[in-house]
Amino acid sequence: FIKKNNSKIKIFSICDNIIPHENFILNKYFVRKFLKKMDGIIVMSENVEKELLEISKNFNYKKLFLPIIDDQNINNEESFIKKNDKKKITFLFFGLIRKYKGLDILLLALNNIDKRLLDSFELIIVGESYEKIENYKSILNTDVKKNVTWINEYVLDNDVNKYFLSSDFVVLPYKSASQSAIIPMAYNYNKPVIISNLSGLTEYVIDKETGYIFSNLDYIELSNILTKIIKNNTNNNMTLNIARFKKNISAKKFANELLEFIS
């Protein structure tokens with residue numbers, strides 16, 4: 001429709017996913033039909049690039065990393081008050097709760113942590129749930145439930161600060177991923193991340209420097225990482241590594257590369 005009105009207009013598409021997480025039979029047909037109309041396509045991870053090339057290797061495209069949006073008003077006074085002792089290690093799961101996000105893997109990992117460490121950590125789960133939340137809550141052992149705070153609602157931009165500022169690590173136990181805006185968001189607050197080893201996530205993380213990487217679906221390995229963090233009660237100066245790394249995914253760099261591709 002746009003091209004019919006003005007054939008000189010160029011149309012570009014930023015593709016978070018090429019194929020949706022919830023697949024259906026006509027996906028590839030409609031996606032191919034749409035993408036063929038584009039003058040250029042922007043993808044933001046190796047995983048999405050691979051999906052694009054499986055449809056056709058003839059697209060004009062550019063791979064850019066999701067940028068850090070650094071215009072949040074970071075105010076330490078707005079931080080979410082920890083339940084008890086501020087010396088506790090606080091883990092944060094942030095974002096929509098959907099099956100592929102792997103919250104169940106994280107909860108199983110918590111169950112596996114030595115009971116003697118239960119007074120040394122807490123988990124804050126923040127985000128609107130697309131699943132029955134009781135199914136997730138039922139995973140937790142009785143003695144672990146007191147360590148978990150549930151805030152199951154959509155979070156306005158102005159409220160994001162208090163959760164990230166209160167956390168020590170942000171956990172992304174995803175079962176599948178295209179990429180995630182949560183990692184750049186965590187880096188904006190200089191918070192290290194714990195991720196599953198999925199293409200689309202690992203491109204953003206240097207293992208044991210800006211975060212930790214565990215084998216996908218392996219809640220025992222994730223539990224061991226959490227246990228190590230809790231025992232050491234430190235992020236091993238990861239904030240300094242993050243400060244250096246995040247220069248590579250600045251909004252300014254993204255904008256410059258995007259404009260260069262379009263022109």
Colleague: Judged by modelled atom types alone, do Ser178 and Asn17 share a side-chain donor-acceptor pair under 3.5 Å?
Modeller: yes

Colleague: Please list, chain by chain and in numerical order, all residues satisfying salt bridge (charged side-chain N to carboxylate O under 4.0 Å, His left out) with Lys175, sequence neighbours excluded.
Modeller: Asp104

Colleague: State which residues pass ring pair (Phe, Tyr, Trp, His ring centres under 6.0 Å) with Phe261; sequence neighbours excluded, sorted by chain then number.
Modeller: Phe12

Colleague: For residues 202-211, which side-chain N or O atoms pair as donor and acceptor with protein atoms under 3.5 Å away, sequence neighbours left out?
Modeller:
from, atom 1, to, atom 2, distance (Å)
Thr202, OG1, Leu198, O, 3.4
Glu203, OE1, Glu46, N, 3.0
Glu203, OE2, Glu46, N, 3.2
Glu203, OE2, Gly200, N, 2.8
Tyr204, OH, Leu66, N, 2.6
Asp207, OD1, Ile213, N, 3.0
Thr210, OG1, Tyr187, OH, 2.9
Thr210, OG1, Ile206, N, 2.9

Colleague: Got a sec, which residues hit side chain to side chain contact (heavy atoms under 4.5 Å, CB included) with Asp143, two or more places apart in sequence or on another chain?
Modeller: Lys115, Leu118, Asn141

Colleague: Write down the atom of Trp150, the atom of Val148, and the distance for their closest heavy-atom approach.
Modeller: NE1-CG1, 3.4 Å

Colleague: Might you confirm whether atom CG of Leu259 has over 12 heavy atoms from other residues, nucleotides or ligands at distances under 6.0 Å?
Modeller: yes

Colleague: If you look only at distance, which donor and acceptor atoms sit under 3.5 Å apart when one is on a side chain in residues 50-57 and the other is two or more places apart or in another chain?
Modeller:
from, atom 1, to, atom 2, distance (Å)
Glu51, OE1, Ile18, N, 3.1
Glu51, OE1, Ile19, N, 3.3
Ser56, OG, Asn58, N, 3.1

Colleague: For the residue pair Lys246 and Asn188, what are the closest heavy atoms and their distance?
Modeller: NZ-O, 3.8 Å

Colleague: Do Val170 and Pro192 touch side chain to side chain, with heavy atoms closer than 4.5 Å?
Modeller: no

Colleague: Are the side chains of Ile125 and Leu92 in contact, using a 4.5 Å heavy-atom criterion?
Modeller: no

Colleague: Which residues pass the ring pair (Phe, Tyr, Trp, His ring centres under 6.0 Å) test with Phe94, sequence neighbours left out?
Modeller: Phe164

Colleague: Can you tell me if Lys252 has over 12 outside heavy atoms packed within less than 6.0 Å of its NZ?
Modeller: no

Colleague: Using a strict cut-off of less than 4.0 Å between a Lys/Arg side-chain nitrogen and an Asp/Glu carboxylate oxygen, indicate whether Lys63 and Glu49 qualify as a salt bridge.
Modeller: yes

Colleague: Would a single hydrophobic cluster contain both Ile124 and Leu96, if residues Ile, Leu, Val, Met, Phe, Trp and Tyr are joined by side-chain heavy-atom contacts under 4.5 Å?
Modeller: no

Colleague: When you compare the side chain of Lys253 with that of Ser250, does any pair of heavy atoms fall below 4.5 Å?
Modeller: yes

Colleague: Under 3.5 Å, side chain of Asn47 to main-chain N/O of Ala177, donor-acceptor pair present?
Modeller: yes

Colleague: Check whether any side-chain heavy atom of Phe93 sits under 4.5 Å from a side-chain heavy atom of Val126, and report yes or no.
Modeller: no

Colleague: Side chains of residues 218-231: which donor-acceptor partners sit under 3.5 Å, not counting sequence neighbours?
Modeller:
from, atom 1, to, atom 2, distance (Å)
Asp218, OD1, Ile220, N, 3.2
Asp218, OD1, Glu221, N, 3.0
Glu221, OE1, Ser215, N, 3.1
Glu221, OE1, Ser215, OG, 2.8
Ser223, OG, Ala109, O, 3.0
Ser223, OG, Asn112, ND2, 3.4
Asn224, ND2, Ile220, O, 3.4
Thr227, OG1, Ser223, O, 2.8

Colleague: Minimum heavy-atom separation for Val43 to Tyr61, with atom names?
Modeller: CG2-CD1, 4.2 Å

Colleague: Sequence neighbours excluded, which residues qualify as salt bridge (charged side-chain N to carboxylate O under 4.0 Å, His left out) partners of Asp39?
Modeller: Lys3

Colleague: Please name all residues satisfying side chain to side chain contact (heavy atoms under 4.5 Å, CB included) with Ile25, sequence neighbours left out, ordered by chain then number.
Modeller: none

Colleague: Could you pull out all residues at least two apart from Lys10 that satisfy salt bridge (charged side-chain N to carboxylate O under 4.0 Å, His left out)?
Modeller: none

Colleague: Mind checking what makes ring pair (Phe, Tyr, Trp, His ring centres under 6.0 Å) contact with Phe34, not counting sequence neighbours?
Modeller: none

Colleague: I'd like to check the salt bridge (charged side-chain N to carboxylate O under 4.0 Å, His left out) partners of Asp114; sequence neighbours left out, ordered by chain and number.
Modeller: Arg116

Colleague: Please examine the side chains of Ile97 and Tyr130, heavy atoms only from C-beta on, and report whether any two atoms are closer than 4.5 Å.
Modeller: no

Colleague: Could you tell me whether a side-chain N or O of Asp168 sits under 3.5 Å from a main-chain N or O of Thr90, the two making a donor and an acceptor?
Modeller: yes

